[in-house]
Amino acid sequence: MIWNEAIECADRETMQAIQLERLKKTVAHVYKNVQPYRAKMDEKGVKPEDIQQLSDITKLPFITKEDLANNYPNGLFAADMDDIVRIHASSGTTGKPKIAGYTRSDLDMWGECVARCLSMAGATKSSVVQVAYGYGLFTGGLGAHIGAETMGATVIPMSSGNTQKQLMFMMDMKSTHLCCTPSYALTIAEAAEKAGLKPDEIPLQGGVFGAEPWTEGMRNEIEKRLGIHAHDIYGLSEIMGPGVSTSCSENDGMHIMEDYFFPEIIDPDTLEPLPDGEKGELVITTIGKEGMPLVRYRTRDICSLTHEKCKCGRTLVRMSRVFGRTDDMLIIRGVNVFPSQVETVIAQFADTLTMNYKLYVGREDNKDTFELAVELADGLAIDDIKFVENLRSRVDHELRGILGIGCKIRFLNAGTLPRSEGKAVRVEDTRKL
Ligand code: DLL
């Protein structure tokens with residue numbers, strides 16, 4: 001089912017008309033009410049009246065994570081504190097959290113966006129949605145919650161953790177949809193297997209997983225082990241939380257709720273706009289928010305866009321999977337490495353390796369060290385030297401192919417690494433200490 005067909009399947013002209021009207025309104029709103037925006041725009045010599053068509057957006061200055069830190073806690077709020085009804089926050093780059101404020105109307109918009117996402121994952125009013133994202137300042141729990149409630153589904157507000165209890169509720173309440181991080185979905189799948197449950201005995205039909213980068217390999221693994229359709233959901237606290245975009249049943253990119261979030265892709269070095277299909281940094285302008293609208297916000301997330309109509313019938317622009325963040329990129333011996341590249345290789349060895357892995361980066365004798373620790377599949381013997389050495393050489397070959405550099409590989413027995421209940425910590429880089 002398509003939650004809001006008039007918007008999600010609108011023709012380009014209609015969508016652009018909505019976007020232009022809302023963009024003009026947003027720019028006028030921040031210019032009038034947010035001093036740091038006014039200062040930035042004045043410095044660039046641009047006034048709200050200069051926005052006459054969508055492409056004029058490039059005249060506007062960018063806003064960055066540093067701007068949020070410099071204006072901590074609420075210097076970028078555009079509404080009166082009296083009208084702010086909710087606060088969320090996420091960890092910032094400088095130690096201070098990034099605070100976001102929502103008006104009543106912002107919460108309604110959030111509910112609408114997440115309802116569209118859940119609908120893309122096949123949920124309806126009759127669904128039972130188990131929310132296993134953390135509740136609290138993190139936007140995952142309350143974000144999924146407001147969408148499920150808007151839809152009129154039955155919400156189980158589990159929050160993250162307590163995996164045995166998650167399983168009990170899932171089975172007893174016959175949960176049809178699960179919302180959590182992809183790494184926690186695998187932790188739940190593992191617990192289900194340990195409890196002797198087969199995928200077809202688990203009532204789940206679908207899940208919306210996000211808040212961390214994940215790969216197609218990881219998606220296949222979750223689908224197989226939980227017997228569900230797994231959908232990718234993207235968002236960030238500063239912009240709203242989950243629900244900025246989600247993948248539909250075609251699994252061919254995530255539809256951006258572009259009537260509320262106007263996306264651009266830029267080259268992070270030159271800051272020039274990039275065309276459809278080219279990978280770069282995602283920049284988002286919120287065009288429906290009152291509490292803390294952000295204009296040309298540099299997300300640091302790397303992906304590409306396509307405006308091609310999707311086979312599902314939706315015309316909403318799609319973003320590719322998030323490949324990683326510019327600040328998650330590791331530079332090892334001068335080579336750029338994203339953890340998601342390593343995960344893609346691990347997924348190629350799904351019969352012998354699990355998706356539980358960790359990367360250790362350090363420095364010894366003025367040289368970068370790089371190690372991958374990954375668990376073997378249950379039942380495989382780590383002391384079978386011939387088997388392990390053969391596997392090591394095959395994994396090494398694939399990693400060198402994709403990364404361009406070698407990496408020390410350490411195999412671990414199944415169940416050794418700590419399991420994720422939220423955002424998985426994939427990298428330990430002691431060079432930064
Ligand atoms: O993670 C909001 C969220 C909650 C999204 C639940 C989806 C589901 P933050 O904690 O502010 O907000 O982290 C935002 O997480 O800039 C991305 O780098 C990353 N991220 C979020 N969703 C995805 C995804 C929430 N589907 C940051 N794929 C973002 C890859 C993602 N990375």
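In each ligand, atom 1 is the first atom listed, and ligand 1 is the first ligand listed. All figures in this text were calculated on a predicted structure; none of them were measured in a lab.
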Tell me yes or no: between the side chains of [X] and [Y], is some donor less than 3.5 Å from an acceptor?
| X | Y | value |
| --- | --- | --- |
| Glu343 | Thr215 | yes |
| Glu238 | Tyr297 | yes |
| Thr103 | Asp106 | yes |
| Asp429 | Tyr360 | no |
| Tyr184 | Thr163 | yes |

Using a strict cut-off of 4.0 Å, indicate which atoms of ligand 1 neighbour a heavy atom of [X].
| X | value |
| --- | --- |
| Thr139 | 2 (C), 12 (O) |
| Asp232 | 24 (C), 26 (N) |
| Phe138 | 1 (O), 4 (C), 10 (O), 25 (C) |
| Ser90 | 11 (O) |

*asked:* Out of Ser340, Gly324, Gly140, who is nearest to atom 4 (C) of ligand 1 when you count heavy atoms only?
replied: Gly140
*With sequence neighbours excluded, give me every ring pair (Phe, Tyr, Trp, His ring centres under 6.0 Å) pair touching residues 212-231.*
none
*Between Phe338 and Arg325, is there a cation-pi geometry (under 6.0 Å to ring centre, at most 45° from the normal)?*
no
*Within-cut-off N or O pair, Glu212 and ligand 1, under 3.5 Å*: yes
*Any N or O of Gly241 that comes nearer than 3.5 Å to an N or O of ligand 1?*
no
Give the residue and atom name of whichever protein heavy atom lies nearest to [atom], and the separation in Å to one decimal.
| atom | value |
| --- | --- |
| atom 8 (C) of ligand 1 | Tyr133 OH, 3.3 Å |
| atom 11 (O) of ligand 1 | Ser237 OG, 2.5 Å |
| atom 27 (C) of ligand 1 | Arg325 NH1, 3.5 Å |
| atom 25 (C) of ligand 1 | Gly235 O, 3.6 Å |
| atom 13 (O) of ligand 1 | Lys423 NZ, 3.0 Å |
| atom 7 (C) of ligand 1 | Ala211 N, 3.3 Å |
| atom 29 (C) of ligand 1 | Asp301 OD2, 3.3 Å |

*Give a yes or no on whether a salt bridge exists between Lys40 and Asp67, defined as a side-chain N under 4.0 angstrom from a carboxylate O.*
yes
*Is the shortest distance from a Lys or Arg side-chain nitrogen in Arg116 or Glu112 to a carboxylate oxygen in the other one below 4.0 Å?*
yes
*Measuring from the heavy atoms of Gly143, does anything fall under 4.0 Å of ligand 1?*
no
*Would you check if Ile239 and Leu294 make a side-chain contact, meaning some heavy-atom pair closer than 4.5 Å?*
yes
*Would you mind telling me if ligand 1 is within reach of the side chain of Leu236, the backbone, both or neither, using heavy atoms under 4.0 Å?*
both
